[in-house]
Amino acid sequence: MAPTSLSKQSPIVIVGAGAFGLSSALYLAQAGYTNVTVFDKQPYDKNAYSTADGADAASADFNKVMRMSYGDEIDYQRLAWDAIQIWDVWNKQLSASAAQDLPAGLKPSDKLWDNCGFLRMSTDGGLSAFEHSTLRNITREGLRSTQFVIGDEDDEKRAPFYFREGEWEKKKDPFHRQKKGESLAGVFDTTAGYVDASKACAWVMHLCRQSGVQFVLGEKDGQVSSFIKSPTGKKTVGIKTVAGKEHRSEFLILAAGPWTPYLFPAVSSLMETTVGSVAYFQLPPKNKAPHLWERFSPENFPVFAYGGWTKGLGIGGFPRTADGIVKIGYRGVKYTNYEDVEEKTTGTKHRISVPKTKYWPEPSEPAITRQAVEAIKSVVREALPELAELGIAGCRNCWYTDTLDTDFVVDRVPGDDGMMICSGGSGHGFKFLPVLGREVVKIVETPTERSAIAKRWRWRTKASGPRNGLEEGESGPRNWKKQEMARPEDWKFDMRAKL
Ligand SMILES: Cc1cc2nc3c(=O)[nH]c(=O)nc-3n(C[C@H](O)[C@H](O)[C@H](O)COP(=O)(O)OP(=O)(O)OC[C@H]3O[C@@H](n4cnc5c(N)ncnc54)[C@H](O)[C@@H]3O)c2cc1C
């Protein structure tokens, strides 16, 4: 059942040009919808999703983990597997493109994704229930040979035939645990790696434009301030921008990432804006420290989760970027930021968690919590002492939306035929950039015939009991305002703490 009035020529407005909005736009255009316009407050045509040039969306980043290991959640595993196939195709298409045909920020020599592998390193010598479920489900799909369990006799025997000479030794023990007499256990997923998030967004915007999608970008023309309602007040029929201009839609997809609850607070019952903390380590110039550039290169160093995926402090990291930056993230605690928000469309007041980025609502110096810095430092000190010597060079608060069960939300707003929410990435949405829109189109066109994964993305409620922290609200322990913030002097390492 398509929305009754929606034809292939109907004006469709998408709010947000992050992973969710871009993928939706691409697949809608490819399905023949000829009047798709994406609005974003960021001038992505100018800054090419560069975080150094003001981009602060979750999707604008150096790197994100691409993994298909999803424990017992086989639907996400399958979706990730589909995504990997398209990431491969996009890499090939980009390298075959002529430089002059590419938008700012992209070169044919860029790689949108790097299949460097993902190591989930156990620090207690055993594998978690998550790892066992993942292995079961990957085996079920006939892909067990893509996984290497460290210390498993069969996997160790076949490793020399799979990896380049010396690669397995480096990638299974990047923390030199064996040399230190520590346990060596974990799983290495060879299908995984990282995606260059900012470049991937610039690429998909390019594909969208080639397919006829229009973009309206920038603080005034691209920033949506309110929604226009039908005379009955029931249906969304367009948007108003900060510039004061109205744009009519027959169908609107709200894909504003962590700003989704801010723009449309009714979603707060099923999603909350939270923040993950990230620290950067800058390697010295390549000619001064070639051994570090070599050691942390994607050829020698994997994406990692230290202490496993569901256990430990929640620390994970990436190989160095082309600029010599090693990013390490902390997802042990995701913080909330409660503020008074007035819903512009209705004038109703709400108290909800909203983003506070380096650039929004006004420019501010980024500071991550002391708890996050201490967690990152403790792992770096123990496992990557070369980085400890460098100290932390910078940090970022990366805002996203967490749902009550970490499943995304891709569904119409109950009672409103003109609006759909497409958000709730819950810290794992980016990898699906190549396939999310495929599901969105199916949901738009046949909302009652959902795939297994799309069934999980319905508008839903869970009024009582644990709701992934949403039940805590402002009084909960994750409230950012209750945290002590790290100061730049906390970024340095006191190596005596190692003793
Ligand atoms: C610290 C961190 C680590 C993560 N790690 C991973 C990972 O390893 N792997 C993975 O797959 N995923 C990861 N994620 C999750 C992933 O980044 C998100 O799921 C995904 O990027 C969300 O995309 P989005 O389009 O919903 O939101 P966003 O990327 O935030 O995009 C929302 C867009 O809406 C725009 N917007 C907001 N308000 C307005 C307005 N009023 N008018 C117009 N436009 C507006 C914004 O400018 C922005 O461009 C991580 C997220 C974080 C924060």
Side-chain angles (χ1 to χ4, degrees), residues 13-25 38-44 47 49 54-68 70 76 79-80 83 113 118 192-195 197-198 200-201 204-205 215-227 239-242 253-264 271 273-279 303 305 309 314 316-318 327-331 334 344 354-355 357 359-361 368 372 396-403 406 408-410 421-433 436-437:
V13 161
I14 298 179
V15 182
F20 280 64
L22 283 173
S23 191
S24 303
V38 181
F39 289 78
D40 203 294
K41 62 185 172 60
Q42 278 284 332
Y44 290 133
N47 68 18
Y49 290 85
D56 57 359
S59 302
D61 206 343
F62 300 130
N63 35 38
K64 301 281 190 204
V65 183
M66 176 67 235
R67 64 179 159 108
M68 68 155 178
Y70 259 93
Y76 283 107
L79 196 66
W113 106 274
F118 179 26
Y194 67 88
V195 293
S198 293
C201 287
V204 178
M205 183 178 275
F215 285 88
V216 182
L217 303 171
E219 203 184 333
K220 293 213 162 69
D221 292 333
Q223 182 158 194
V224 173
S225 57
S226 59
F227 303 106
I239 52 150
K240 199 166 174 181
T241 62
V242 167
I253 299 180
L254 180 57
W259 288 270
T260 304
Y262 172 79
L263 286 169
F264 189 69
M271 68 174 77
T273 295
T274 62
V275 66
S277 318
V278 170
V303 173
W309 187 245
F318 296 82
K327 180 181 123 182
I328 298 191
Y330 168 68
R331 55 184 192 91
K334 297 193 258 176
K344 300 285 182 303
V354 295
T357 76
Y359 307 102
W360 193 95
I368 61 175
R396 177 181 176 195
N397 290 300
C398 184
W399 292 88
Y400 43 21
T401 35
D402 265 337
T403 64
T406 72
F408 311 155
V409 178
V410 184
I421 303 296
C422 185
S423 185
S426 302
H428 66 116
F430 194 86
K431 67 180 73 60
F432 300 111
L433 173 68
L436 257 169

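Both counts, for ligands and for their atoms, begin at 1 and track the order of listing.
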Any side-chain heavy-atom pair of [X] and [Y] under 4.5 Å:
{"X": "Lys344", "Y": "Tyr262", "answer": "yes"}
{"X": "Trp259", "Y": "Ser423", "answer": "no"}
{"X": "Leu433", "Y": "Lys64", "answer": "no"}
{"X": "Asn397", "Y": "Ile368", "answer": "yes"}
{"X": "Arg67", "Y": "Lys431", "answer": "yes"}
{"X": "Phe227", "Y": "Leu263", "answer": "yes"}
{"X": "Phe408", "Y": "His428", "answer": "yes"}

Enumerated ligand 1 atoms positioned under 4.0 Å from heavy atoms of [X]:
{"X": "Ala57", "value": "28 (P), 29 (O), 30 (O), 31 (O), 48 (C), 49 (O)"}
{"X": "Gly222", "value": "42 (N), 43 (C)"}
{"X": "Gly16", "value": "33 (C), 34 (O), 35 (C)"}
{"X": "Val65", "value": "7 (C), 8 (O), 9 (N), 10 (C), 11 (O)"}
{"X": "Ala19", "value": "23 (O), 25 (O)"}
{"X": "Gln42", "value": "47 (O)"}
{"X": "Tyr44", "value": "47 (O), 48 (C), 49 (O)"}
{"X": "His428", "value": "10 (C), 11 (O), 12 (N), 15 (C)"}

*Would Phe215 and Leu22 count as a side-chain contact (heavy atoms from CB on, under 4.5 Å) if you check the C-alpha gap in whole Å, the side-chain angles of each, and the deciding distance to 0.1 Å?*
CA-CA 10 Å; Phe215 285 88; Leu22 283 173; 3.9 Å; yes
So which heavy atom in the protein is nearest [atom], and how far is it from that ligand atom?
{"atom": "atom 1 (C) of ligand 1", "answer": "Cys398 CB, 3.3 Å"}
{"atom": "atom 41 (N) of ligand 1", "answer": "Val224 O, 3.0 Å"}
{"atom": "atom 20 (C) of ligand 1", "answer": "Ser59 OG, 3.8 Å"}
{"atom": "atom 15 (C) of ligand 1", "answer": "Gly427 C, 3.5 Å"}
{"atom": "atom 35 (C) of ligand 1", "answer": "Asp40 OD2, 3.2 Å"}
{"atom": "atom 24 (P) of ligand 1", "answer": "Phe20 CD1, 3.7 Å"}
{"atom": "atom 51 (C) of ligand 1", "answer": "Tyr400 CD2, 3.0 Å"}
{"atom": "atom 27 (O) of ligand 1", "answer": "Gly257 CA, 3.2 Å"}

_Gap separating the OG atom of Ser59 from the OH atom of Tyr44, nearest 0.5 angstrom_ = 7.0 Å
_Rounded distance (nearest 0.5 Å) linking atom CG of Asp61 with atom OH of Tyr49_ =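 With rounding to 0.5 Å, CG (Asp61) is 13.5 Å from OH (Tyr49).
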*Would you say Gly329 touches ligand 1, if touching means a heavy atom closer than 4.0 Å?*
no
*Answer with yes or no whether Phe432 contacts ligand 1, where contact means a heavy atom under 4.0 Å from a ligand atom.*
no
Proximity of [X] to ligand 1 by residue part, where a heavy atom lies under 4.0 Å:
{"X": "Lys431", "result": "both"}
{"X": "Tyr262", "result": "neither"}
{"X": "Leu263", "result": "side chain"}
{"X": "Cys422", "result": "neither"}
{"X": "Phe430", "result": "both"}

Just by distance, do the side chain of [X] and the backbone of [Y] share a donor-acceptor pair under 3.5 Å?
{"X": "Ser226", "Y": "Lys240", "answer": "no"}
{"X": "Lys41", "Y": "Val242", "answer": "no"}
{"X": "Gln42", "Y": "Gly222", "answer": "no"}
{"X": "Lys327", "Y": "Asn63", "answer": "yes"}

Could you check which of [options] puts a non-hydrogen atom nearest to [atom]?
{"atom": "atom 38 (N) of ligand 1", "options": "Tyr49, Phe118, Trp259", "result": "Trp259"}
{"atom": "atom 32 (C) of ligand 1", "options": "Gly276, Gly425, Ala256, Pro258", "result": "Ala256"}
{"atom": "atom 4 (C) of ligand 1", "options": "Arg396, Lys41, Lys64", "result": "Lys64"}

*Which pair of heavy atoms, one from Ser23 and one from Phe432, lies closest together, and at what distance?*
OG-O, 4.4 Å
*asked:* Any nitrogen or oxygen of Ala60, side chain or backbone, less than 3.5 Å from one on ligand 1?
replied: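 N/O-N/O distance under 3.5 Å: no.
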*Would you kindly say whether Thr401 and Thr260 are connected by a side-chain donor-acceptor distance under 3.5 Å?*
no
